[in-house]
Each structure stands twice: as C-alpha cells, then as structure tokens.
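Working notes, structure below.
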Amino acid sequence: MTQLTILRYPDSRLHTVAKPVAAVDARIQRLVSDMFETMYEAAGIGLAASQVDVHERLVVIDVSEKRDEPLVLINPEITWASEETRLGEEGCLSVPGIYDGVERSIAIKLKALGLDGQLQTLEVEGMLAVCIQHEMDHLIGKVFVEYLSPLKRNRIKTKLIKQKKDEERDGER
C-alpha cells in the first residue's frame with residue numbers, strides 16, 4: 001500500500017469534475033487500498049479520489065469509531081435526499097484545520113458499485129449521509145468552503161496559502 005498526497009485547497013485540481021470509473025479492476029482495487037491507508041493516516045472519515053488527484057468517481061468512507069467499517073462507493077449517484085436538512089460542522093482533509101457549518105440533507109438514498117463491481121443501493125442517515133454528500137461534492141469539483149460566504153472563503157484561502165508558504169520555508173531549513 002502507498003500513502004497518497006492529498007491536494008489542499010485552493011489547489012485548482014480540486015475543482016476538476018470526476019469521470020465515471022470504467023472498470024472495477026486491479027488498478028481501482030489498489031487505488032481504494034491506497035486511499036483507505038491515506039484517509040486513516042490523516043485521521044479522516046472520508047476521501048474522494050479527486051482529493052488525491054485521481055479524477056474518477058470513487059469515494060472511500062469509514063465513520064466508525066473503531067475504523068473497521070470501510071465503505072467503497074464507485075460511480076455513486078444519490079437517488080433521493082430528504083427535504084429535512086441540518087446545519088452541521090464539517091471539516092475536510094483538503095482544508096486542514098478549518099471547520100464550519102454546512103446545511104445537508106439528514107437522509108439520502110444512493111446507488112453505487114462496490115469493490116466487487118456489483119451494484120448496491122443504500123439508505124443512510126446521520127453522519128454517514130453527511131459524509132457521503134460531502135465526498136460526492138468533491139466528485140463534481142466542489143469543496144465544502146464553497147458553501148460559506150465569500151468573506152469566510154477568502155479568509156480561509158489566505159490562511160491556507162500562508163500556511164503552505166510557511167511549511168515550504170520551514171522545509172528548506
């Protein structure tokens with residue numbers, strides 16, 4: 001397994017729309033394995049392939065406390081979302097250290113291929129529903145900070161650009 005590099009906002013590659021996965025083959029299975037390793041190492045609960053600069057419709061998720069309930073969604077499609085929404089605090093591995101409120105449906109239904117290439121349908125709610133919606137946004141080139149006001153978004157962008165420059169400067173020492 002290989003740990004992958006997670007793109008950080010405001011990297012323009014995070015705005016690339018992902019293409020469908022053509023075949024669930026050994027390459028995709030290896031990518032899934034690498035994405036889980038990367039996500040767990042970064043202490044995340046979800047990771048979209050777009051975040052590791054692979055622009056295909058693939059998401060890995062594990063919202064369990066013991067990190068033992070991995071979920072793979074290939075070519076996911078939400079087929080229904082509840083009208084009832086909830087404002088919840090979200091963070092993102094591509095926007096490290098930033099958390100803010102985002103309005104999401106509290107329950108969704110979706111269909112996706114699993115790692116075995118078989119179509120599965122899921123009905124989920126709560127944290128898992130929020131996580132899936134968040135990760136699926138990445139597949140259409142949207143980062144959660146885009147739900148925030150332009151002022152907040154610009155402050156976050158400035159902060160992360162400065163943080164990256166500081167890290168690069170420290171790495172040269």
Side-chain angles (χ1 to χ4, degrees), residues 6-21 32 35-36 38-40 42-115 118-160 163:
I6 298 171
L7 299 177
R8 288 171 61 171
Y9 182 80
D11 192 308
S12 62
R13 293 173 289 180
L14 287 168
H15 301 294
T16 304
V17 175
K19 293 175 174 35
V21 171
V32 165
M35 286 175 62
F36 271 117
T38 302
M39 179 189 77
Y40 288 137
I45 60 171
L47 186 66
S50 300
Q51 291 177 271
V52 293
D53 205 19
V54 177
H55 303 284
E56 294 181 75
R57 294 187 55 79
L58 168 62
V59 168
V60 300
I61 293 173
D62 189 344
V63 297
S64 68
E65 283 188 36
K66 292 183 179 180
R67 318 299 271 157
D68 60 354
E69 295 176 25
L71 176 63
V72 177
L73 302 173
I74 299 169
N75 298 332
E77 182 183 327
I78 294 175
T79 57
W80 173 85
S82 67
E83 288 184 24
E84 185 179 350
T85 61
R86 182 173 300 130
L87 181 67
E89 191 163 277
E90 291 186 22
C92 180
L93 295 176
S94 291
V95 192
I98 305 295
Y99 300 88
D100 213 313
V102 177
E103 193 88 18
R104 301 271 188 195
S105 292
I106 63 166
I108 59 171
K109 291 180 185 176
L110 69 146
K111 61 183 182 180
L113 300 178
L115 197 53
Q118 297 300 305
L119 184 64
Q120 55 187 340
T121 56
L122 301 166
E123 245 180 272
V124 298
E125 59 186 22
M127 170 82 84
L128 182 55
V130 168
C131 187
I132 290 170
Q133 291 169 82
H134 175 108
E135 298 309 330
M136 286 185 64
D137 274 354
H138 282 295
L139 302 180
I140 60 169
K142 190 168 187 176
V143 181
F144 92 97
V145 296
E146 292 171 51
Y147 288 100
L148 309 178
S149 71
L151 178 63
K152 276 187 177 181
R153 197 168 44 247
N154 284 333
R155 284 183 177 162
I156 290 167
K157 189 177 192 176
T158 301
K159 179 180 179 176
L160 292 176
Q163 192 176 56

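Computed from a predicted model, the values in this text were never measured in an experiment. Computed from heavy atoms alone, side chains included, the values below leave out hydrogens, waters and symmetry copies. Along the sequence shown, the residues carry numbers beginning at 1.
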Do you know which two heavy atoms are closest between H138 and A48, and how far apart they sit? CB-CB, 3.5 Å
Does K142 make a cation-pi contact with Y147, if we ask for NZ or CZ under 6.0 Å from the ring centre and within 45° of the axis? yes
So do L139 and P76 actually touch side chain to side chain, heavy atoms under 4.5 Å? yes
Within the side chain of N75, is there an N or O that forms a donor-acceptor pair under 3.5 Å with the backbone of V21? yes
Can you find a heavy atom in the side chain of L122 that is under 4.5 Å from one in the side chain of L71? yes
Looking only at heavy atoms, what is the nearest atom pair of A49 and M35, with distance? N-CE, 3.3 Å
Ignoring hydrogens and angles, tell me if any N or O in the side chain of R153 forms a donor-acceptor pair with the backbone of L148 under 3.5 Å. yes
Would you give the length of the straight line joining atom NZ of K109 to atom OG of S82, rounded to the nearest 0.5 angstrom? 11.0 Å
Starting at CD1 of I45, measure out to CD of E65 and round the result to the nearest 0.5 Å. 11.5 Å
To the nearest 0.5 angstrom, please state how far the CD atom of E123 sits from the CG atom of L110. 10.0 Å
V32 side chain near V60 side chain, heavy-atom distance below 4.5 Å: yes
Do V72 and L113 have side chains that get closer than 4.5 Å, going by heavy atoms? no
Would you say the side-chain atoms of S94 pair up with the backbone N or O of Y9, donor to acceptor, closer than 3.5 Å? no
For R67, I'd like to know if atom CZ has over 12 heavy atoms of other residues, nucleotides or ligands within 6.0 Å. yes
Check the angle between the aromatic planes of F144 and H134 and answer parallel, tilted or perpendicular using the 30° and 60° thresholds. tilted
Donor-acceptor check, side chain of D62 to backbone of E69, threshold 3.5 angstrom: yes or no? yes
Mark yes when over 12 heavy atoms from residues, nucleotides or ligands other than E89 sit less than 6.0 Å from its CD; otherwise mark no. yes
Can I get a per-line list of side-chain donor-acceptor pairs under 3.5 Å for residues 125-133, giving both atom names and the distance, sequence neighbours left out?
{"residue": "Q133", "atom": "OE1", "partner": "S105", "partner atom": "N", "Å": "3.2"}
{"residue": "Q133", "atom": "NE2", "partner": "S105", "partner atom": "O", "Å": "2.9"}
{"residue": "Q133", "atom": "NE2", "partner": "A129", "partner atom": "O", "Å": "3.0"}

Identify the two heavy atoms, one from M39 and one from G46, that lie closest to each other, and give their separation to 0.1 Å. SD-N, 3.3 Å
Going by side-chain contact (heavy atoms from CB on, under 4.5 Å), V143 matches just one of L7, V95, D11. Which one? V95
Side chain to side chain contact (heavy atoms under 4.5 Å, CB included) assessment of D137 paired with R104: CA-CA 11 Å; D137 274 354; R104 301 271 188 195; 2.8 Å; yes
For L93 and I6, work out which heavy atoms get closest and say how close. O-CG2, 3.8 Å
Crowded around E103 CD? As in, over 12 foreign heavy atoms under 6.0 Å? yes
Which pair of non-hydrogen atoms, one from L14 and one from R8, has the smallest distance, and what is that distance? CD1-C, 3.7 Å
Are any non-hydrogen side-chain atoms of L73 and Q120 less than 4.5 angstrom apart? yes
Shortest non-hydrogen contact from L160 to Q163? CD2-OE1, 3.1 Å
Under the ring-ring contact (aromatic ring centres under 6.0 Å, His included) rule, collect the residues that match up with Y40, sequence neighbours excluded. F36
